[in-house]
Asker: 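Okay, here's the structure, questions in a sec.
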Amino acid sequence: PRLAGDRIWRVLAIHFARAGAHANADVAKYAVDSLRQLSLKFLCKDELGAFSFQRSFLRPFEKVFFAAQKSDRPNRAAVREYVVECVDALVLSRGGSIRSGWRSIFAVYTAAANDVEATVIELAWKSLDRIVAQYVDTVAREFVDLVNCVVAFAAATRASKDIALGALRRLDECSKALADGKVSANITSEEETFSTQQTTSSTQQQQQQTLGAQATVTTVTTVTTPDGADARLELWWPLLLGLAQRVADPRIEVRNGALATLRRTLERDCGSFSSETWRLVFRGVLFPSLESAWTDDAVHPSSTRPTDAAPDPASAPRDDSSWLTSTAPALLATCVSLFASRGGGKDSAALLGELLGALGDCVCQDVEALSRLAVDALQSTLDAVGKLEPPAPRETWDVAVHGLASLVRRALPAELREYAHEKSLNDDDERIEDDDDDAAKKKKRTALVLAARRLAERLPRSPTIARLVASLRLLPLCDAVIVAAADQDAVDERNLDTMLLALQESRNFAQTFDADGVLRYALWETKLMGDTPPDLVAQGVDAGAAALGALKSLRDTPGASGTKKFKALAEPRLLELCRDLLHEYSLNESSQQGGHADGAANGMDNAAVERSLGPPSSLAKASTPLALDALDVVNCLDSETFARNCSWLVPVLSELIVCQSVDVRTAVAAVFATRLPTALAAVAPPITTAVEGQPADNDDDAARRAKALEHQDDHPDTPERPRSATEPSDTAPRPTPRHPGAVVKPYRLFESQ
């Protein structure tokens with residue numbers, strides 16, 4: 001009988017659908033009412049698990065509603081409203097008996113959520129709100145359709161915000177029901193019932209098929225029994241994805257409410273997700289939401305120079321609809337918090353790599369506000385790595401170090417990097433030599449000026465400043481991540497060299513920019529950094545400070561037995577860096593004393609002078625603290641290490657003895673006074689005397705010495721032959737105190753080593 005009724009209803013359903021789309025609204029409403037009465041009688045009978053007659057019986061409601069939505073005839077809104085009322089009446093009367101018919105009901109309500117009439121939306125929402133409150137367990141098999149329907153109301157922009165916020169609350173309840181196992185249990189129970197019915201029917205037909213039927217029941221039950229949240233990912237995914245889509249809602253209250261619900265759902269209900277599922281959630285739910293920040297059209301203030309503090313939001317017109325200022329900080333904090341709550345298991349490295357990739361995309365965007373937020377989130381992420389429980393394995397620290405080093409390189413402005421690279425390739429052809437004639441000099445200078453002006457004209461100001469701000473703010477993180485990794489014994493030669501190379505590249509980029517006076521002048525004309533000449537002094541200094549601080553901390557990190565376990569790894573690199581920093585400081589001092597700082601270079605014609613700048617005037621002063629730190633490292637070396645490195649220490653320190661900074665001269669004098677005598681004694685050849693216990697002169701030396709004394713006695717007025725700086729004196733006078741700036745170069749002893 002049921003199959004026969006299904007064939008009959010297929011014919012009647014077409015008739016009711018056509019009647020519901022009649023041009024006369026009264027005829028259409030009469031057809032819908034007749035359909036309601038038939039449906040009430042049909043729903044009095046329970047539906048068997050093997051059939052979906054209810055779905056077929058209620059489908060005409062969908063067709064009538066869709067036809068009324070597409071029609072441009074008058075009074076169609078009244079027909080749609082009446083369809084919603086009839087469906088609501090079915091739910092109120094036969095809600096407990098509905099099984100497969102829920103899909104048709106949710107299809108009608110989903111279409112109503114997108115209706116142009118607010119009254120239709122409100123009426124449908126009231127009915128759906130009641131369904132979620134009373135029948136969320138009953139609609140388990142159609143849970144995905146229910147979630148999609150509720151999400152549609154959360155996205156209904158034509159309705160009031162109260163409906164959208166109410167839909168978010170209902171999604172939160174759906175999440176609780178799914179986490180508590182109510183939905184999964186009901187699905188499993190219905191599947192078991194269906195399998196049992198099939199088994200019973202087979203048993204009555206043939207006894208031999210009983211075992212096969214029982215095996216079928218066992219198989220179905222085993223497959224559908226959930227082993228945790230992962231077993232029902234197909235139910236979780238529409239809910240999480242729907243909430244993530246609402247995070248991009250244009251209404252600020254709705255998107256912030258959706259983000260709060262999403263975070264609460266993930267933290268409260270999804271704790272049993274596997275590491276692979278969490279990676280899928282980050283990749284498919286959280287990270288796509290960040291793309292809303294990339295397309296934010298609101299106007300955001302920009303810094304004048306990379307060293308400026310974050311722009312005051314009050315300096316720009318207030319825009320409450322801006323996703324970047326209202327929602328991005330909370331979303332980034334959610335990503336960091338969820339990563340930290342996952343723990344430091346063996347799979348944390350893969351998740352950290354994807355998170356660093358997403359944050360890196362935000363750091364390298366053209367909006368400074370987003371870059372600053374992403375750098376802050378990156379810092380929080382790296383701090384969380386050091387606090388993971390259980391502690392993060394070495395693979396996770398490898399990902400952290402290499403990911404940050406890669407981002408330091410990536411954050412540098414691409415246009416300026418390409419310009420510097422092309423200029424280095426053509427440097428031999430374009431370098432102005434002293435033996436060039438005036439025409440050749442002018443031609444080369446003109447080519448340099450034109451290339452710099454072309455770059456300055458096409459270089460966008462705000463995106464470039466955003467990249468420079470990000471590059472500058474990333475540098476302190478490099479020092480911090482090396483120190484944190486060392487605390488957990490996760491630093492090796494490969495990681496350290498990767499980070500040092502990234503910092504060196506950032507420092508070289510800044511130094512190359514500051515040395516290119518032609519380019520800086522062209523960018524000054526376009527006001528890249530306001531009315532002052534552009535420079536990257538802070539970036540060069542901070543990159544050196546980050547490398548120096550990381551190596552010092554690594555060298556001094558204590559081991560389990562009280563020894564400095566990373567000293568052998570860090571000290572050679574630390575001394576090499578100190579040598580470079582002190583030598584660069586000496587060169588900077590020389591350029592400052594030459595009088596060309598931020599001014600026109602000498603030796604050029606008037607046209608060239610107007611288009612070139614000297615070194616930044618603040619370069620020497622800004623790098624003084626870094627030079628003092630390097631001198632402190634040198635002064636704290638043990639005697640053996642100091643003596644072993646005197647071959648380069650003495651020449652470099654001697655260059656600094658006449659620098660302008662009093663603090664640097666004082667530090668150099670302290671090194672010479674306290675460390676150099678010991679080093680000289682350690683490396684100088686022994687003095688040959690006749691004192692007991694010391695080696696005596698050989699015969700030739702004794703003969704020469706006696707002849708000299710005899711000659712001096714015979715000719716007392718003969719002046720003594722001047723001795724070379726490297727020749728030892730028998731009666732060397734005690735050196736008199738000198739001003740640090742007047743010390744004679746004492747390093748010839750080491751030139752032959």
Side-chain angles (χ1 to χ4, degrees), residues 1-48 51-117 119-131 134-135 138-139 141-142 145-146 148-149 152-153:
R2 294 180 183 272
L3 295 177
D6 181 59
R7 290 194 295 269
I8 295 173
W9 183 249
R10 291 178 185 177
V11 179
L12 293 176
I14 298 175
H15 171 71
F16 278 109
R18 291 177 178 175
H22 197 274
N24 190 327
D26 294 334
V27 174
K29 293 169 66 175
Y30 185 83
V32 172
D33 185 68
S34 300
L35 182 61
R36 176 187 62 83
Q37 296 179 39
L38 288 174
S39 300
L40 285 174
K41 293 186 176 295
F42 180 79
L43 293 175
C44 290
K45 297 181 179 181
D46 293 334
E47 185 179 47
L48 298 178
F51 301 96
S52 58
F53 288 145
Q54 292 182 0
R55 167 75 168 148
S56 301
F57 207 92
L58 299 181
R59 188 175 287 116
F61 286 107
E62 300 179 50
K63 295 182 177 180
V64 172
F65 192 91
F66 294 154
Q69 269 190 328
K70 296 178 181 178
S71 177
D72 55 355
R73 295 170 180 168
N75 299 327
R76 293 296 103 179
V79 175
R80 297 195 300 271
E81 185 175 346
Y82 192 70
V83 171
V84 173
E85 291 177 351
C86 291
V87 173
D88 185 33
L90 294 177
V91 174
L92 290 174
S93 302
R94 301 287 187 266
S97 303
I98 301 176
R99 293 293 181 269
S100 63
W102 286 118
R103 181 169 297 182
S104 296
I105 294 174
F106 294 146
V108 172
Y109 287 165
T110 301
N114 299 319
D115 201 88
V116 296
E117 296 292 335
T119 55
V120 176
I121 300 176
E122 293 176 3
L123 185 61
W125 168 246
K126 290 179 180 179
S127 178
L128 181 63
D129 187 50
R130 193 184 310 112
I131 292 173
Q134 298 178 4
Y135 302 108
T138 307
V139 300
R141 295 191 64 180
E142 311 299 339
D145 296 282
L146 171 63
N148 291 334
C149 185
F153 279 95

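When reading the values below, keep in mind they use all heavy atoms of this one structure, side chains included, and skip hydrogens, waters and symmetry mates.
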Asker: Within this structure, what is the CG-CZ distance for the pair Asp115 and Phe65, rounded to the nearest 0.5 Å?
Answerer: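 Between Asp115 CG and Phe65 CZ, I get 5.0 Å after rounding to 0.5 Å.
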Asker: Using modelled atom types and a 3.5 Å cut-off, is there a donor and acceptor pairing between side-chain atoms of Ser71 and backbone atoms of Ala67?
Answerer: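 Not confirmed, Ser71 side chain does not pair with Ala67 backbone.
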Asker: Can you give me the closest heavy-atom contact between Phe153 and Ala124, atom names plus distance?
Answerer: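 Looks like CZ-CB, 3.7 Å.
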Asker: Do Gln54 and Phe42 have side chains that get closer than 4.5 Å, going by heavy atoms?
Answerer: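 The answer is yes, as the side chains (C-beta and beyond) meet within the 4.5 Å cut-off.
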Asker: Could you check Cys86 against Leu35 for side chain to side chain contact (heavy atoms under 4.5 Å, CB included), going step by step and ending with a plain yes or no?
Answerer: CA-CA 9 Å; Cys86 291; Leu35 182 61; over 6 Å; no
Asker: Is the shortest heavy-atom distance from the side chain of Val32 to the side chain of Phe61 under 4.5 Å?
Answerer: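 The answer is yes, as the side chains (C-beta and beyond) meet within the 4.5 Å cut-off.
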Asker: Are more than 12 heavy atoms from other residues, nucleotides or ligands located less than 6.0 Å from atom OH of Tyr30?
Answerer: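 No, not enclosed.
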Asker: Within the 4.5 Å heavy-atom criterion, are Glu81 and Glu85 side-chain neighbours or not?
Answerer: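 In short, these two side chains touch, coming nearer than 4.5 Å.
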Asker: Determine the sole option in Leu90, Ile98, Asp145 for which the side chain to side chain contact (heavy atoms under 4.5 Å, CB included) test with Ile105 is passed.
Answerer: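 In the set Leu90, Ile98, Asp145, the residue that makes a side chain to side chain contact (heavy atoms under 4.5 Å, CB included) with Ile105 is Ile98.
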Asker: Taking all heavy atoms of Val120 and all of Ala112, pick out the closest pair and write down the distance.
Answerer: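 Closest approach of Val120 to Ala112: CG1-CB, 4.1 Å.
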Asker: Please determine whether the number of non-hydrogen atoms from other residues, nucleotides or ligands lying under 6.0 Å from atom CZ of Arg94 exceeds 12.
Answerer: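 Yes.
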Asker: Within a strict 4.5 Å, meaning less than it, do heavy atoms of the Val87 and Tyr109 side chains meet?
Answerer: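 Answer yes - side chains close enough.
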Asker: Considering only NZ, NE, NH1 and NH2 on the basic side and carboxylate oxygens on the acidic side, decide whether Asp88 and Lys126 come within less than 4.0 Å.
Answerer: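 Salt bridge: no.
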Asker: If you look at every heavy atom in Arg73 and Ala21, which pair is closest and at what distance?
Answerer: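 Smallest heavy-atom distance, with atoms named: NH1-O, 3.4 Å.
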Asker: So do Gln69 and Arg80 actually touch side chain to side chain, heavy atoms under 4.5 Å?
Answerer: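 SC-SC contact between Arg80 and Gln69 confirmed.
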Asker: Roughly how far apart are Leu43 CG and Leu38 CG, rounded to 0.5 Å?
Answerer: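 Going from CG on Leu43 over to CG on Leu38, the span is 11.0 Å.
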Asker: Working to the nearest 0.5 angstrom, can you tell me the gap between Lys29 NZ and Asn75 CG?
Answerer: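 Those atoms lie 8.5 Å apart.
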Asker: Run Val91 and Gln134 through side chain to side chain contact (heavy atoms under 4.5 Å, CB included) and show every step you take.
Answerer: CA-CA 11 Å; Val91 174; Gln134 298 178 4; over 6 Å; no
Asker: Could Glu62 and Arg55 be called an ion pair, given the rule that one side-chain N must be under 4.0 Å from one carboxylate O?
Answerer: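 Looking at Arg55 together with Glu62, the answer is yes, because their closest N to O distance falls below 4.0 Å.
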Asker: Is there a side-chain contact between Arg99 and Thr138 (heavy atoms, below 4.5 Å)?
Answerer: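 The answer is yes; the side chains approach within 4.5 Å.
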Asker: Between Phe16 and Ser34, what is the shortest heavy-atom contact and its length?
Answerer: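 Distance-wise, the nearest heavy atoms are CE2-CB, 3.8 Å.
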Asker: Identify whether the distance between the nearest side-chain nitrogen and carboxylate oxygen of Arg36 and Asp33 falls below 4.0 Å.
Answerer: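 Judged by the 4.0 Å cut-off on N to carboxylate O distance, Arg36 and Asp33 do form a salt bridge.
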Asker: Closest heavy-atom contact between Trp102 and Glu142?
Answerer: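 Closest approach of Trp102 to Glu142: CB-CG, 3.9 Å.
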Asker: Could you report the tightest heavy-atom contact between Ala28 and Gly20, atom names first, then the distance?
Answerer: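 Distance-wise, the nearest heavy atoms are CB-O, 3.1 Å.
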Asker: Can you check whether Trp9 reaches Phe53 side chain to side chain, under 4.5 Å on heavy atoms?
Answerer: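 No, too far: nothing below the 4.5 Å cut-off.
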